Amino acid sequence: MTGYEIKRAYERGPAHFMSMSFGQIYPVLKQLTAEKLARREKPEGGRGSVRYSITASGLATLRQWLFGRREQISSRELLLRLFFSPLEDLPALKESVEAFHQDERRQLEHYRETGKWLREVHGKNSRLAMWELTLDYGVGESQARVRWAEQVLRFIDELERRKK
């Protein structure tokens with residue numbers, strides 16, 4: 001694929017949760033080529049678009065990133081890993097999704113404790129309503145992430161049942 005084709009394909013996929021520019025693509029392609037994780041193929045005669053393809057080493061590195069263990073994983077990284085994982089390999093991400101789910105449940109508990117503290121310590125403060133509104137935003141995001149993780153875990157469980 002050319003850098004342009006990579007950008008266009010990305011815009012139809014993960015761009016809805018993580019943007020990327022041409023200013024990011026070409027330096028990464030240069031780095032991947034230098035590390036022999038991608039191959040740069042220039043057309044004969046020097047005219048035309050430069051094409052890139054993944055090497056066997058690049059594919060192994062990608063699989064290691066997709067399915068490797070991490071202590072913590074951000075929502076964006078988890079989404080990228082899910083997006084680029086083959087369906088048959090999705091169960092290998094179950095542990096990462098479970099960890100993400102637990103992190104978000106802990107975050108919800110933190111928000112509950114913070115809300116309780118705000119009401120106890122600042123119950124008469126005229127700004128309390130504003131603080132609670134901003135806290136509610138975080139609660140809503142975490143609740144959505146918990147529901148999403150539960151949906152993914154149900155999907156993975158169903159895949160595993162079908163395999164048996």
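Note that this is a predicted model, so its numbers are computed, not measured.
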Contact check, side chains of W148 and L79, non-hydrogen atoms, under 4.5 Å: yes

Inter-residue atom distance E98.CD - L153.CG, 0.5 Å rounding: 5.5 Å

Shared hydrophobic cluster, Y137 / L135 (ILVMFWY, side-chain heavy atoms < 4.5 Å): no

Short side-chain to backbone donor-acceptor contact, R76 and F17, under 3.5 Å: yes

Minimum heavy-atom distance E160-P91, with the two atoms named: OE2-CB, 3.6 Å

Atom pair CZ (F84) and CG (L66), whose distance is rounded to the nearest 0.5 Å: 8.5 Å

For G3 against I25, the heavy-atom pair lying closest together: O-CD1, 4.1 Å

N/O donor-acceptor pair under 3.5 Å between Q102 side chain and A99 backbone: no

Residue pair F155 / L87, side-chain heavy-atom distance below 4.5 Å: yes

Heavy-atom side-chain proximity of W65 to T61 below 4.5 angstrom: no

Atom OH of Y4: over 12 foreign heavy atoms under 6.0 Å: no

Side chains of Y111 and S142 in contact at under 4.5 Å (non-hydrogen atoms): yes

Distance, nearest 0.5 Å, that separates CH2 of W131 from CG of N125: 3.5 Å

Short side-chain to backbone donor-acceptor contact, Y10 and M18, under 3.5 Å: yes

Salt bridge (Lys or Arg N to Asp or Glu O under 4.0 Å) between R112 and E109, intermediate numbers included: CA-CA 5 Å; R112 280 188 205 94; E109 184 56 33; 3.3 Å; yes

Derivation of the side-chain contact (heavy atoms from CB on, under 4.5 Å) call for H101 and V146: CA-CA 6 Å; H101 180 253; V146 165; 3.7 Å; yes

Common cluster, Y26/V28, ILVMFWY with side-chain heavy-atom separation under 4.5 Å: no

More than 12 heavy atoms from other groups under 6.0 Å of CZ on R161: yes

Spacing of CG belonging to L82 relative to CZ belonging to F100, to within rounding of 0.5 Å: 10.0 Å

Same cluster (ILVMFWY, side-chain, under 4.5 Å), M1 and L32: no

Cluster check W117, L128: I/L/V/M/F/W/Y, side chain < 4.5 angstrom: yes

Side-chain (R40) to main-chain (K30) donor-acceptor, under 3.5 angstrom: no

Flag if over 12 foreign heavy atoms under 6.0 Å of CD, E88: yes

Flag side-chain contact, heavy atom, 4.5 Å: E132 against R119: yes

Value rounded to 0.5 Å, distance of CG in L37 from CG in L29: 11.5 Å

R8 and E11: CA distance, side-chain angles, deciding distance, salt bridge (Lys or Arg N to Asp or Glu O under 4.0 Å) verdict: CA-CA 5 Å; R8 298 301 301 177; E11 287 172 349; 3.1 Å; yes

Side chain K94, main chain D157, donor-acceptor under 3.5 Å: no

F67 side chain near S96 side chain, heavy-atom distance below 4.5 Å: no

Considering all heavy atoms, the nearest A38-T55 contact: C-CG2, 3.7 Å

E158/R154 salt bridge by N-O under 4.0 Å criterion: no

Over all atoms of both residues, closest heavy-atom pair of L108 and Q143: CD2-CG, 3.7 Å

Contact check, side chains of T114 and H110, non-hydrogen atoms, under 4.5 Å: yes

Pairwise distance CG(L78) to CZ(F83) - rounded to 0.5 angstrom: 14.0 Å

Side chains of H122 and R127 in contact at under 4.5 Å (non-hydrogen atoms): no

